[in-house]
Amino acid sequence: MEALVVESPGRFEVREVEVPRPGRLEVLSRVRAVAICGTDPHIIKGDFQGFWPKAFPFTPGHEWSGDVIAVGEGAEHFGWAVGDRVAGTSHAGCGVCRKCVEGRYNVCENYGRESVHRQYGHYTQGCYATYVVHSIKSVFKIPDQLGYEEAAVLDPAAIALHTVRRGGVQAGDSVAITGPGVMGILVAECAKATGAGRVIVLGRGARLSKVRELGYETVDVSRGDPVAAVREITGGLGVEVALECAGAPESLQWCVAMLRRGGRCAVVGIPLSGVALPIQKMVLDELEVVGVRASAGEMTQVMPLVVDGRIRVGALITHRYALRDFAEAYRVFTERVDGALKVIVQP
Ligand SMILES: [Zn+2]
Ligand SMILES: [Zn+2]
């Protein structure tokens with residue numbers, strides 16, 4: 001089969017590799033669509049080398065959909081069969097540690113121990129390939145109404161819903177979102193779908209125009225102090241919830257600064273350096289800052305919201321390429337050519 005193989009940081013090619021075989025409680029799938037994730041370029045460039053992945057050569061990719069073509073031992077007892085249409089996600093928790101038992105398999109305490117845990121496309125072989133093996137914990141059957149391309153975006157949509165949950169968004173809340181990329185837009189859609197009163201997206205340039213086109217209130221951060229702008233449009237009070245999707249230290253600082261007293265900030269963007277936060281203000285105003293890692297149970301929950309159009313994943317898909325043209329897909333995605341948002345790769 002064909003697979004994208006990253007030989008060393010920044011050096012990759014699409015070449016022939018052996019088809020993997022499904023083990024116990026795993027399925028082998030024919031991959032139909034893969035969405036390029038913002039994390040993929042970091043993995044390819046070696047920004048998290050030694051961790052994601054543990055070593056090169058490596059095949060990344062974790063946002064995908066396809067068809068089950070072989071079922072490993074025991075998977076049939078859980079209702080899996082050849083022909084199932086599926087969408088994949090990256091985390092397969094051990095299922096036994098305290099966090100997994102509590103349903104928080106995204107923070108499994110056996111993370112990284114490959115004998116009992118997987119994170120596909122991060123440290124376990126990913127899906128930029130004709131076929132991929134996944135644990136049955138990491139594949140979800142998709143409804144007939146959902147096409148493969150939309151289904152490949154279910155993983156980030158699930159992360160967006162998890163972000164909104166971690167932010168504690170309540171009906172009627174004012175919610176600010178930093179980072180108008182795919183994750184920011186999906187988070188805005190989920191905030192609206194779960195009852196936010198107002199959704200304000202902060203950013204700049206073409207991506208912010210896209211957000212405006214989708215009907216959101218926006219703040220252009222290139223036009224003066226964004227914190228002051230958010231305070232002004234919220235009667236001087238700030239927002240109940242801020243959701244940080246940019247991964248930049250500065251935008252996390254804005255998020256904390258624009259919270260209303262008692263407010264909460266959930267952070268899904270991963271800053272590559274430390275960030276100074278105003279601890280005194282956080283103590284005295286009872287502000288909360290919480291992390292968000294992937295999703296935990298939201299893959300299934302997000303499907304009806306995508307099917308009925310409340311989460312418009314189709315509006316985010318801008319480009320399509322064959323797997324053999326991955327280099328071009330990667331360039332268009334990383335250089336944001338022609339307003340690229342979600343770029344789909346078809347093995
Ligand atoms: Zn992703
Ligand atoms: Zn676990």
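In listed order, ligands and their atoms are each counted from 1. The first residue of the sequence shown is numbered 1, and numbering continues consecutively from there. These figures come from a predicted structure and were not determined experimentally.
A donor-acceptor pair is defined here as one N or O able to donate and one able to accept, closer than 3.5 Å; such a pair exists between the side chain of T124 and the backbone of Q119. When atom types are taken as modelled, the side chain of E244 and the backbone of A246 share a donor-acceptor pair closer than 3.5 angstrom.
For residue H117, no N/O/S atom approaches the Zn ion (ligand 2) to within less than 2.8 Å. The Zn ion (ligand 1) has no N, O or S atom of D155 closer than 2.8 Å.
Take the N/O/S atoms of E63: the one nearest the Zn ion (ligand 1) is OE2.
The Zn ion (ligand 2) forms the vertex of an angle spanning SG of C108 and SG of C94; to the nearest 10 degrees it equals 100°.
In summary, of the residues considered (H122, H42, H62), a ring pair (Phe, Tyr, Trp, His ring centres under 6.0 Å) with W52 occurs for H122 alone.
Aromatic ring centres of F48 and Y123 lie farther apart than the 6.0 Å criterion allows.
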